[in-house]
Amino acid sequence: MVVAVRTLVFGLITFIAGCGYENDQSAVNPFSDSARMSDDLYMFILYLMTGVSILVAVLIIYAMVKFRYKGETERPKQVHGHTLLETTWTILPCFLLIAIMVPTTKTIFAQQSPPPGDALRIKVIGKQWWWEYEYVETGVVVANELVIPVGQPIYLDMKSTDVIHSYWVPALSGKRDVQPWGNNMLQFTADKTGTYLGQCAEYCGDSHGLMRTRVEVKSKEEFEKWLAHQAKDALPPQDPKVATVLAQCNACHALRGVLPGRPRTKVSGPDLTHLASRGSLFSDLYTLPKEPEAKRLEMKKHLTKWLDDPRTIKPGVRMPGHGVTYPTPAEDRVRGVAPNALSIEPEVVEGLVDYLTTLE
Amino acid sequence: MSAGAWHYDPDAPPPKGLWSWLTTVDHKRIGILYGVSAFFFFLVGGLEALLIRVQLSQPESGFVDPALYNQLFTMHGTTMVFLVIMPGAAAFFNYMIPLQIGARDVAFPRLNAFSYWIFLAGALVLNFGWLIGSAPSGSWVGYPPITTADYTDVGSDLWICGLSLLAVASTAASVNFIVTILNFRAPGMTMMRMPVFTWMSLVVQFLLLLSFPPVVVGLILTLFDRNFGTNFYNVVGGGDPELYQHLFWLFGHPEVYVLILPSMGIVSEVLPAMARKPLFGAAFVIFSGVLIGFLGFGVWAHHMFTAGMGPVADSAFSITTMLIAVPTGVKIFNWIGTIWGGQYKINTASLFAVAFIVEFTIGGVTGIMHASPPVDLQQHDTYFIVAHFHYVLFGGAVFGLFAGIYYWYPKITGRMLSEKLGYWHFWITIIGMNLTFFPMHFLGLQGMPRRIATYKAGGYDWADTNLAVTIGAFILGFATLILAWNMWKSATKGERAGRDPWDGSTLEWVTQSPPVIHNFDKIPSVASEVPLWDVKYGGGSLPVGREENIHMPPPSIWPLWAAVGGAMIVCGIMAFPMFWITAAGAGLLIFSVMAWVVEPV
């Protein structure tokens, strides 16, 4: 109950003030031009509408108290209406709505204008239940963590390969559906470096709630440095047993420089080339510590479990495990069929996990 | 089945027993059947909500797994919309419309019974999935591709077939009520003298009649994709799933007004009765209701602002959506005008009517926020939307139905509901409702999407707020039990109501409580929109004595069999390739309808 009261009181204050949501996935804490436009409009309508609500509530409660039945025997004056009054409260709201419509329409066109020529174009691919990002000019492909430069227009060209998803990083932009039947666009310019969280906003099946993402906004120089690093190939594993096992991953995953070519199959999973450079695992399910040794141990723990039985971590995921055999799904017309089990000898697991943690 | 064997005896005691309910064609009994079913499913849908809330009360909870969670929220939404609010309103349509317009029954009593039974069949098909561990899980909007065979199993078939049966029920009922309202009014009752509840119901019937076809088309296309290998929504085969979204919302938005207009009608009855003066600007209220119904067909794509329709379509649908606020605002101010200068009696019904206006306004103004696409891009599919439509549907539609229950229960049972329990129910509901749904606004603004089965501990600050919401939900659940207890107890122990406990102005208060089967011994004639006040305060008079040879339709079992046949048709399609079930069902349906046609009338 204490929690309830505290939530209501704090919430009400922040709701009316429209600020104070300092978490990294807040829609009212904008850090881009586009998100700011949405937020400004929201604040404007919020003030108007709070006024309307209070007016209605005060009027009706006042009327109910003032004109309550006090045991009169005589009935009140039988009024049937008042044309002037009624016409007034038909017309007045129209002005209020025009005041909202004008900035609304302006903002719609501003947010959906064609991208400027210097925009950084990134392809976003939504899949059950993770995100793939492809930097169009350099061909760099990463999963689940988008890195962008501050101050440069970003242009996201989005498509799904299975069901409908919706790409939403509230601090940077409103959401846009990611559909299998056509590309959708988003554009924004981030104005502050930092980490922003987002997640899929369109119901997309079992692990919809786990389809998260994060966006790192870096300075121009740091971004270039990061991009150059991501463009490098990975080093192959030293242990031949690990190399053998790794070949199975080729069915779905890319590991540039190690696995032949980049398989863009129907069932393709995240690109593993720089897995250990990420700040989180399994589409931001686990945030990893920054300190290298702690990070390595944390990754080891989660990856070991993941390779054993991934569906205990992410229900319904198509990744197979070596500790369990999943029922073979019926061939589906969009995504093909994923393998239903991995074959890894238990003694190779640790070597494989160790190798994965070196993919920086 | 020999013709002419039936003779209605107005002095006979009302029939008793299960058989009399299975064969009833009396609009009042059918109304009670709808009402009891709706309340039962209200408890079911509420239980689903509580399970959802337990799961979300803390981060990374494992109370239910995601597969079950998805079934729970899908069925919670589907149940509350189609099996609670719609039949709850239908209960009042059935019971009250013939009484309010001074008719003996609806135009097609057997079709009316058929509507109820096919509704019940649809409700059972929808919920059948719980028994086989595979309830529908495609969310209440059921967008393909998630509802195609690649992503969901038989639950989606049950969902499609159940909803299709409900569509048949609604369509049959809408035709029935349109004909009844247009043709069966008492002498002197012009359209503008008709009670506002009946008016709003008439608008709802047209909405149902016109909006169900598109969604049924959308559903049937999904059914064909799932079972017969068509490619309407298969992208690889050149299909376009976005078509479904348009078809669904072309139904789905008018549906919102199907849910809210009956409650607006109820409030428009309760307020004048309790304020002891007529509805302020009845004509404005009526025409704004008609306008809402009309505009309701031009706004559907505001549910799709995130789908990428382009700036021109976004702007157009944004503007039409905001226009609907005008007639809605007119109603709200006219309701305030009704109380203003009156002598407003404070009781549970009148409190719920006022609470309806306040809570519905909150839901309405948040609706204006996401009528603006740039704002909607942030709010769409978040808990802000969940908060918004629960203010509209719970604070609005359900509060209106609650007001209707307290207002009309005495007419239906002959006894008053306990006001003491009523006050407890009211205040606990107000607290529970606002504690449940108001914090959801914050969650949405803080970035919590809807339909997620779990969320991360730390980082988002969602946990406390979610716990508060869960506490609110349980308070709300407790309040509902008080109502259930009140209705149960008062049915036998409540104070006797008499014909006219509220000093009402409309014709339902002329007759006994509960009314006799033929409703009125003699149909009164009407000279204004407040006929009973004319009699009590204006020197008018009621007819005395009883009409000779009152004719009422005989009971019939055939509507029930026809509904069984209808249910078999869809079950056969679902159990493809067992088409013989479909064929047998079609045969039974045709035979039953033929049989009721040749029955004596």
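Just so we're on the same page: letters track the sequence lines, and every chain starts at 1.
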Could you please spell out the steps behind the side chain to side chain contact (heavy atoms under 4.5 Å, CB included) verdict for B/Val358 and A/Val56?
CA-CA 7 Å; B/Val358 175; A/Val56 168; 5.5 Å; no
Option that, when pairs with chain B are counted at under 4.5 Å, heavy atom only, ranks first among A/Leu85, A/Thr90, A/Thr83
A/Thr90
Identify which part of B/Val141 has an atom lying under 4.5 Å from any heavy atom of chain A, answering side chain, backbone, both or neither.
neither
Would you give the length of the straight line joining atom CD of A/Gln78 to atom OH of B/Tyr537, rounded to the nearest 0.5 angstrom?
9.0 Å
Name the orientation class of the two ring planes belonging to B/Trp340 and A/Tyr62 (parallel below 30°, tilted from 30 to 60°, perpendicular beyond 60°).
tilted
Using non-hydrogen atoms only, which part of B/Asp240 is less than 4.5 Å away from chain A: side chain, backbone, both, or neither?
side chain
In terms of heavy-atom proximity below 4.5 Å to chain A, should B/Trp335 be classed as side chain, backbone, both, or neither?
neither
What part of B/Ala275 gets within 4.5 angstrom of chain A, counting heavy atoms only: side chain, backbone, both, or neither?
backbone
I would like to know whether A/Thr287 and B/Lys456 meet side chain to side chain contact (heavy atoms under 4.5 Å, CB included); could you show each step before the answer?
CA-CA 10 Å; A/Thr287 309; B/Lys456 214 175 187 174; 2.8 Å; yes
Could you go through B/Asn334 and A/Glu86, starting from their C-alpha distance and side-chain angles, then the distance that decides it, and tell me whether this counts as side chain to side chain contact (heavy atoms under 4.5 Å, CB included)?
CA-CA 8 Å; B/Asn334 276 357; A/Glu86 292 172 62; 3.5 Å; yes
In the structure I gave you, are the side-chain heavy atoms of A/Met37 and B/Pro374 within less than 4.5 Å of one another anywhere?
no
Minimum-distance pair of heavy atoms, taken over all atoms of A/Gln199 and B/Gly447:
OE1-O, 4.5 Å
Residue selection (most heavy-atom pairs with chain A, distance under 4.5 Å) from B/Thr152, B/Asp381, B/Asp503
B/Asp381
Residue B/Ser318 versus chain A: region with a heavy atom under 4.5 Å:
side chain
side-chain hydrogen bond (donor to acceptor under 3.5 Å, both in side chains) against B/Gln245, all qualifying residues, sequence neighbours excluded:
none
Heavy-atom cut-off 4.5 Å, strictly under: side chain, backbone, both or neither for B/Asp65 against chain A?
neither
Ignoring hydrogens and geometry beyond distance, is a side-chain donor-acceptor pair present between B/Thr382 and A/Lys175 at under 3.5 Å?
no
Quick one: are the ring centres of A/Trp181 and B/Tyr233 less than 6.0 Å apart?
no
pair B/Lys277-A/Phe67: side-chain heavy atoms closer than 4.5 Å:
no
Can you check side chain to side chain contact (heavy atoms under 4.5 Å, CB included) on A/His82 and B/Phe280, steps first, answer last?
CA-CA 8 Å; A/His82 189 291; B/Phe280 192 84; 3.6 Å; yes
Between atom OG1 of B/Thr306 and atom CG of A/Leu186, what is the distance when rounded to the nearest 0.5 Å?
10.0 Å
Which answer fits B/Ala67, side chain, backbone, both or neither, if we ask what part of it has an atom under 4.5 Å from a heavy atom of chain A?
both
Do B/Asn70 and A/Tyr203 have a side chain donor and acceptor closer than 3.5 Å?
yes
